[in-house]
Amino acid sequence: MQYLPIFAQLKNRPVLLVGAGHVALRKAGTLLKAGARLTVVATYFADEFIEWQQQGKATLIESRFEAHHIDGHVLVVAATDDDAVNQSVFEAADVRNILVNTVDDQPNCSFIFPAIIDRSPILIAISSAGTAPVLARRLREKLEAILPAHLGPLAQLVGAFRDKVKQKIDGFAGRRQFWERVFDSSIVREVQANRLDVAQQQLEDLLEREIPTQGEVYLVGSGPGDPELLTLKALQLMQQADVVVYDYLVSEPILQLVRRDAELVCVGKKAGAHSVAQEETNNLLVSLALSGKKVCRLKGGDPFIFGRGAEEIEVLLPHGIPFQVVPGITAAAGCAAYAGIALTHRDYAQAVQFVTGHCRKDGVEPDWQSLSRPNQTLVIYMGLMKVEHIQQQLLSAGRAATIPVAVIENGTRADQRVFTGQLSQLANLVAEHQVQSPALLIIGEVVALQQKLNWFGDRPDQQAQQPLTTRI
Ligand code: SAH
């Protein structure tokens, strides 16, 4: 970290500005907004400075800069159009250990001004440490666009209630829950609609009411692995949860996005290795929620597609534990897209089936005839262990040996691998490339287009393409 971002309280504190042209004017405006007691040294003053002096906002000293002008100031800004003067301001401040900014001259700065998004009292400061100011400005524009204007009044309103809430609710966890309820409530909409008195009344009512200690469960699909495929809602709930209960399919970059102080509980390991029994997971969710926690049950893909999501929700019902379900991009959709396979296509496939390669507990086989119909795409989850059996059953049921197939390992992730061939080679592909879990099998005519539509990762005929992590 090249700079420490801090927010300095400048109200009534003496700040020296050297220079009074148009560059200095911008800095003066920012400093005055922050309430600084401004002294300006210059040989010539733009009209605005004269006005500020008349309004008692700034003291003007008509003089060439001299080192002693710095004495008694907490910050100094050099903004003249003369490099030599700016340099001497920097040196004079620096030997006195007073922070100094020389406008547009980063080496001669001991502090820099960030790009600011002002929703006072909420402030966001962005800096590229002087390396890419245009990029910083673009980021600011993006953030400006997504941050609602009512953030400021909202923060002001809750700020006025902080002491009351502290008196009424004991403990950090309880208070955090209370504030989260506030930000989820209609109070936000009232502030947005500028009905501040209604919002204030609602806030008071909420505080008077009994604060429920019951927790809740969010069953959240995290998609196949690329964190950018998370939904906004998933991200929001991952940030709200006290505890995140996840299994092995949830990728590491996604876990990085969980609220920093949330407890993380892993309940699943790779196939074959020990994993927590489903019943234990169910019980864990219930007991965490009953102890008042907000529990995010984070699952790979979509929670209701081979995710046992329904089982985990069913156990909550007898306890009356509130829950929400957030869909995720299921592996079939995510892996197919990132491998360049259109699951349906007017010329090749009019239907798509998602099936599990795991046999049912009672050993009953799936309907291989139906899975082998032409002009449909078959996506097999959890098919690695049974790949030979799957290949053989599809062939026996009449699927052509030449039908194209794809095996996608770690789909949508940086280490995604895709292997294609024909149905007669399916098990071989898996063995030859030592394909590991998680992997998906896709069988059907549409796979023939994969060579053309493939876009993610290395392509022999094109420069490597990766999705832009953040398009700015
Ligand atoms: N609920 C999940 C599926 C869970 S079953 C979903 O909707 O995607 C686990 C199986 O999903 C794995 O065995 C594998 O077949 C498939 N899978 C999940 N993520 C995958 C990924 N990133 N790449 C390839 N296959 C994946």
Side-chain angles (χ1 to χ4, degrees), residues 1-11 13-36 38 40-41 65 67 70 73-147 151-152 155 227-228 235 239 252-253 255-261 414 466-472:
M1 194 159 69
Q2 216 174 319
Y3 291 89
L4 175 72
I6 55 173
F7 291 84
Q9 174 57 278
L10 286 186
K11 199 163 229 114
R13 295 218 157 80
V15 173
L16 181 72
L17 177 64
V18 183
H22 68 277
V23 178
L25 204 56
R26 265 191 290 127
K27 294 298 174 210
T30 309
L31 291 164
L32 287 176
K33 246 186 170 178
L38 198 59
V40 189
V41 175
F65 169 73
I70 283 176
H73 291 94
V74 294
L75 276 187
V76 177
V77 178
T80 75
D81 55 5
D82 183 333
D83 289 347
V85 174
N86 287 345
Q87 176 77 29
S88 63
V89 176
F90 170 75
E91 282 164 9
D94 208 36
V95 290
R96 289 166 173 79
N97 284 326
I98 295 173
L99 290 178
V100 52
N101 175 275
T102 309
V103 178
D104 289 337
D105 183 9
Q106 200 211 350
N108 282 334
C109 286
S110 53
F111 81 92
I112 53 177
F113 285 93
I116 299 170
I117 298 161
D118 188 355
R119 298 281 189 281
S120 284
I122 302 286
L123 279 178
I124 299 175
I126 302 168
S127 153
S128 63
T131 54
V134 175
L135 190 63
R137 216 174 308 137
R138 279 201 167 207
L139 274 175
R140 185 187 61 187
E141 280 161 18
K142 286 234 148 188
L143 290 170
E144 283 277 10
I146 59 168
L147 291 175
L151 265 187
E228 295 197 334
L235 194 58
Q239 288 285 322
E252 191 50 44
L255 288 176
Q256 297 290 334
L257 299 173
V258 163
R259 211 187 75 220
R260 219 182 279 183
D261 52 346
Q466 292 287 347
L468 294 174
T469 12
T470 321
R471 196 183 284 275
I472 304 167

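Here, residue 1 is the first one in the sequence, and each next residue gets the next number.
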J.: Check side-chain contact (heavy atoms from CB on, under 4.5 Å) between Gln256 and all other residues, then give those that pass, not counting sequence neighbours.
T.: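 With neighbours one apart ignored, the set is Glu252.
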J.: Under the rule for side-chain contact (heavy atoms from CB on, under 4.5 Å), what residues qualify as partners of Ile6, not counting sequence neighbours?
T.: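 Counting only residues at least two positions away or on another chain, Ile6 forms a side-chain contact (heavy atoms from CB on, under 4.5 Å) with Leu4.
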J.: Can you list the residues that meet the salt bridge (charged side-chain N to carboxylate O under 4.0 Å, His left out) rule with Arg140, with sequence neighbours excluded?
T.: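 Scan of Arg140 (salt bridge (charged side-chain N to carboxylate O under 4.0 Å, His left out), adjacent residues dropped) gives none.
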J.: Are the side chain of Thr102 and the backbone N or O of Cys109 linked by a donor-acceptor pair below 3.5 Å?
T.: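 Answer holds: no.
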J.: Residues in salt bridge (charged side-chain N to carboxylate O under 4.0 Å, His left out) with Glu91, at least two apart?
T.: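 If we apply the salt bridge (charged side-chain N to carboxylate O under 4.0 Å, His left out) test to Glu91, skipping adjacent residues, there are no hits.
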J.: Applying side-chain hydrogen bond (donor to acceptor under 3.5 Å, both in side chains), name anything that partners Glu141, two or more places apart in sequence or on another chain.
T.: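 With neighbours one apart ignored, the set is empty.
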J.: Residues in side-chain hydrogen bond (donor to acceptor under 3.5 Å, both in side chains) with Asp105, at least two apart?
T.: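 For Asp105 the side-chain hydrogen bond (donor to acceptor under 3.5 Å, both in side chains) partners, ignoring immediate neighbours, are Asn108.
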J.: Only counting residues at least two apart or in another chain, list the ones meeting side-chain hydrogen bond (donor to acceptor under 3.5 Å, both in side chains) with Asn97.
T.: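 So Asn97 forms no side-chain hydrogen bond (donor to acceptor under 3.5 Å, both in side chains) with any residue.
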J.: Okay, side chain of Gln87, backbone of Asp82: is any donor-acceptor separation there less than 3.5 Å?
T.: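 Checking the backbone N and O of Asp82 against the side chain of Gln87, no donor-acceptor pair under 3.5 Å is found.
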J.: Once side-chain hydrogen bond (donor to acceptor under 3.5 Å, both in side chains) is applied, do any residues pair with Asn86, and if so which ones, sequence neighbours excluded?
T.: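 Asn86: side-chain hydrogen bond (donor to acceptor under 3.5 Å, both in side chains) contacts with Thr80.
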J.: So which atom in Arg259 and which in Gln239 form the shortest heavy-atom distance, rounded to 0.1 Å?
T.: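 Residues Arg259 and Gln239, closest heavy atoms: CD-O, 2.9 Å.
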J.: Can you list, pair by pair, the side-chain donor-acceptor contacts under 3.5 Å of residues 111-120, counting residues two or more places apart and other chains?
T.:
from, atom 1, to, atom 2, distance (Å)
Asp118, OD1, Ser120, N, 2.9
Asp118, OD1, Ser120, OG, 2.5
Arg119, NE, Leu147, O, 3.4
Arg119, NE, Pro148, O, 3.2
Arg119, NH1, Glu144, OE1, 3.0
Arg119, NH2, Glu144, O, 3.1
Arg119, NH2, Glu144, OE1, 3.2
Arg119, NH2, Leu147, O, 2.9

J.: Can you give each donor-acceptor pair under 3.5 Å made by side-chain atoms of residues 121-134, sequence neighbours left out, with the distance rounded to 0.1 Å?
T.:
from, atom 1, to, atom 2, distance (Å)
Ser127, OG, Ala129, N, 2.8
Ser128, OG, Ala132, N, 2.9
Ser128, OG, Ala132, O, 3.2
Thr131, OG1, Ser128, O, 2.5

J.: Name the atoms and distances for all side-chain donor-acceptor pairs under 3.5 Å in residues 15-36, with sequence neighbours left out.
T.:
from, atom 1, to, atom 2, distance (Å)
Thr30, OG1, Arg26, O, 3.1

J.: Can you name the residues that form a side-chain contact (heavy atoms from CB on, under 4.5 Å) with Ala92, not counting sequence neighbours?
T.: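 For Ala92 the side-chain contact (heavy atoms from CB on, under 4.5 Å) partners, ignoring immediate neighbours, are Phe65, Ala67, Ile70, Arg96.
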